[in-house]
Amino acid sequence: MKQVVEHQSDVLVIGSGAAGLTLALHLAEKSKVILLSKGPLSEGSTYYAQGGIASVFDKDDTIESHVADTLVAGAGLCDEAVVKFTAENAKGAMEWLIECGVAFDKEETSDGDSANAPYHLTREGGHSHRRILHAADATGKEVQVTLQDRARSHPNIQVLERYNAIDLITSRKLNLSGNRVLGAYVWNRDVEQVETVKARFVALATGGSSKVYQYTSNPDIASGDGIAMAWRSGCRVANMEFNQFHPTCLYHADARNFLLTEALRGEGAYLRRPDGTRFMPEFDERAELAPRDIVARAIDFEMKRLGSDCVYLDITHKPAEFVIKHFPTIHKRCLEYGIDITTDPIPVVPAAHYTCGGVMTDLHGQTDLNGLYAIGEVAYTGLHGANRLASNSLLECLVFARAAGEDIEGQLHKIPMPGILPAWDESKVANSDEEVVIAHNWHELRLFMWDYVGIVRSDKRLERARRRCDMLQQEIQEYYSNFRVSNNLLELRNLVQVAELIIRCAMERKESIGLHYNIDHPESSANPTPTILQPDS
């Protein structure tokens with residue numbers, strides 16, 4: 001018999017990227033926090049984010065302009081009040097990061113006084129001004145490392161690394177009165193046992209679900225865990241059909257998940273066919289600076305039309321010293337694959353990159369389940385609409401983590417610690433002797449999602465995907481009910497649930513808008529509305 005382990009904290013934060021770390025650090029001044037990380041603390045999408053964070057710092061820029069650009073990118077499906085809230089709180093969030101020690105790039109000055117120099121602001125697709133603060137081309141790494149170092153050293157934050165969250169524990173599941181989250185069952189990957197965490201509040205900061213696709217820019221942990229757990233606990237989800245495909249991931253047999261930041265195009269890089277000709281001006285007047293959905297579809301169209309394996313991103317017309325200074329990480333990484341970006345065009349393909357939909361929340365990050373918050377990519381706040389504007393993602397993490405922290409802090413004195421929670425019961429399951437089932441289902445799921453629910457969709461493709469998803473769900477649920485949990489099983493269970501939600505949302509939207517393009521419904525409606533799914537009670 002394994003020892004029953006129960007952890008206790010005021011707040012359980014599931015996820016250790018920008019959203020989770022920011023929330024934990026804000027709350028830790030007045031409460032005890034457990035910060036749960038599925039892998040090492042840094043192994044999330046934040047660490048790999050290259051571009052930057054959008055915020056109005058330039059005197060010629062305005063919050064109204066940032067709002068307008070976000071609304072245009074969102075194709076009429078953004079919640080304007082949420083967009084305004086985010087843009088208005090952006091500078092304060094950035095100033096907090098700077099206070100924490102995040103070192104954003106500054107302009108060069110003639111007198112060498114870097115301390116008082118203005119920040120270097122870059123521009124990305126969809127933005128009408130330079131408003132992207134960045135740390136060279138490794139902004140996410142700078143943010144992640146700075147915040148995680150502060151979290152590790154904070155006496156009120158307990159970090160649990162290599163823990164998978166399995167499911168939320170709620171009063172309804174325990175047949176108690178009310179509708180409140182009480183904690184979560186978590187799997188300790190090192191000792192391979194399920195443990196219990198009880199908490200007065202729980203926050204999901206688990207990131208997105210791009211691992212549901214065969215090709216993705218995301219790290220392996222992006223398996224939609226928070227979305228699936230919240231759905232199973234009765235929370236609504238919205239706009240799951242809007243999956244952003246990053247237009248430019250490195251195309252190389254030995255490269256996995258390496259994207260080429262949009263800032264390359266912001267600084268003048270061109271997209272070219274294999275014969276060297278540009279094609280983006282033929283698709284949009286903004287050319288390479290068009291929003292990502294337009295660029296991704298253009299690349300997809302050209303690759304299919306030409307029968308080409310890739311297209312090329314070319315910044316060789318810029319001075320070599322400029323390229324190396326602004327994109328040192330990309331320059332170094334590409335050299336490892338024999339590509340010198342100062343002299344060679346870079347082979348690129350689109351890949352699943354960002355989940356614009358998610359668990360529905362209010363302006364404080366509160367979900368439909370009392371005490372449960374969702375922040376960052378796991379959440380649907382209304383900010384992104386049908387397409388995320390570049391560099392608004394880390395911004396959303398920061399702004400809504402701070403808002404959630406304030407909301408939780410105001411309630412801490414009102415909510416008692418949950419009582420004794422039942423331990424995880426695995427008395428009726430055995431160790432798996434058929435891991436091949438998981439591996440086969442894993443590949444089948446990601447392949448049909450790429451083929452049928454990818455950049456371009458059709459009614460027939462979606463119907464095929466739904467039938468295959470239903471079959472896989474039955475098989476995976478049967479497997480889950482009979483065998484002890486493992487990392488691959490937990491992720492596969494969550495991914496197939498998220499796949500179903502994506503397909504259902506895509507089937508409901510009988511139009512093409514933003515990131516959702518259906519060849520059977522190529523027009524958009526005059527007044528699009530969010531796609532909202534409600535779990536069965």
Determine yes or no for a side-chain-to-main-chain donor-acceptor pair under 3.5 angstrom, with [X] supplying the side chain and [Y] the backbone.
X      : Y      : result
Gln244 : Cys356 : no
Arg446 : Tyr213 : yes
Thr355 : Ser209 : yes
Thr277 : Arg273 : no
Arg402 : Cys397 : no
Thr261 : Gln50  : no
Asn239 : Phe242 : no
Asn494 : Ser223 : no
Ser210 : Thr216 : no
Asp407 : Ala403 : no

Between the side chains of [X] and [Y], is a donor N or O closer than 3.5 angstrom to an acceptor N or O?
X      : Y      : result
Thr86  : Asn392 : no
Glu396 : Thr381 : yes
Glu406 : His26  : no
Thr361 : Thr367 : no
Glu511 : Ser525 : yes
Asp225 : Asn164 : no
Arg457 : His516 : yes

With under 30° as parallel and over 60° as perpendicular, where do the rings of His127 and His66 fit, or are they tilted in between? tilted
Would you call the rings of His134 and His326 parallel, tilted or perpendicular, taking 30° and 60° as the class edges? tilted
With a 4.0 Å cut-off, would you call [X] and [Y] a salt bridge?
X      : Y      : result
Arg286 : Asp284 : yes
Arg461 : Asp451 : no
Lys460 : Glu463 : no
Asp167 : Arg493 : yes
Arg265 : Glu124 : no
Arg504 : Glu241 : no
Arg388 : Glu377 : no
Lys38  : Glu491 : yes
Lys318 : Glu267 : no

Please say which of Asp69, Thr122, Asp58 ends up in a side chain to side chain donor-acceptor pair (under 3.5 Å) with Arg131. Asp69
Would you kindly check if the NZ (Lys) or CZ (Arg) of [X] is within the cone defined by 45 degrees around the ring axis of [Y] and under 6.0 Å from the six-membered ring centre?
X      : Y      : result
Arg297 : Phe245 : no
Lys141 : Tyr48  : no
Arg278 : Tyr270 : yes
Arg272 : Tyr312 : no

Check the surroundings of atom CD in Gln411: do more than 12 heavy atoms from other residues, nucleotides or ligands lie under 6.0 Å from it? yes
Can you tell me if Tyr47 has over 12 outside heavy atoms packed within less than 6.0 Å of its OH? no
So do the side chains of Ser16 and Leu36 get within less than 4.5 Å of each other, counting heavy atoms only? no
If you take the centroid of each ring, where Trp contributes its six-membered ring, are Phe104 and His120 closer together than 6.0 Å? no
Strictly under 6.0 Å, is that where the ring centroids of Tyr251 and Phe258 end up? no
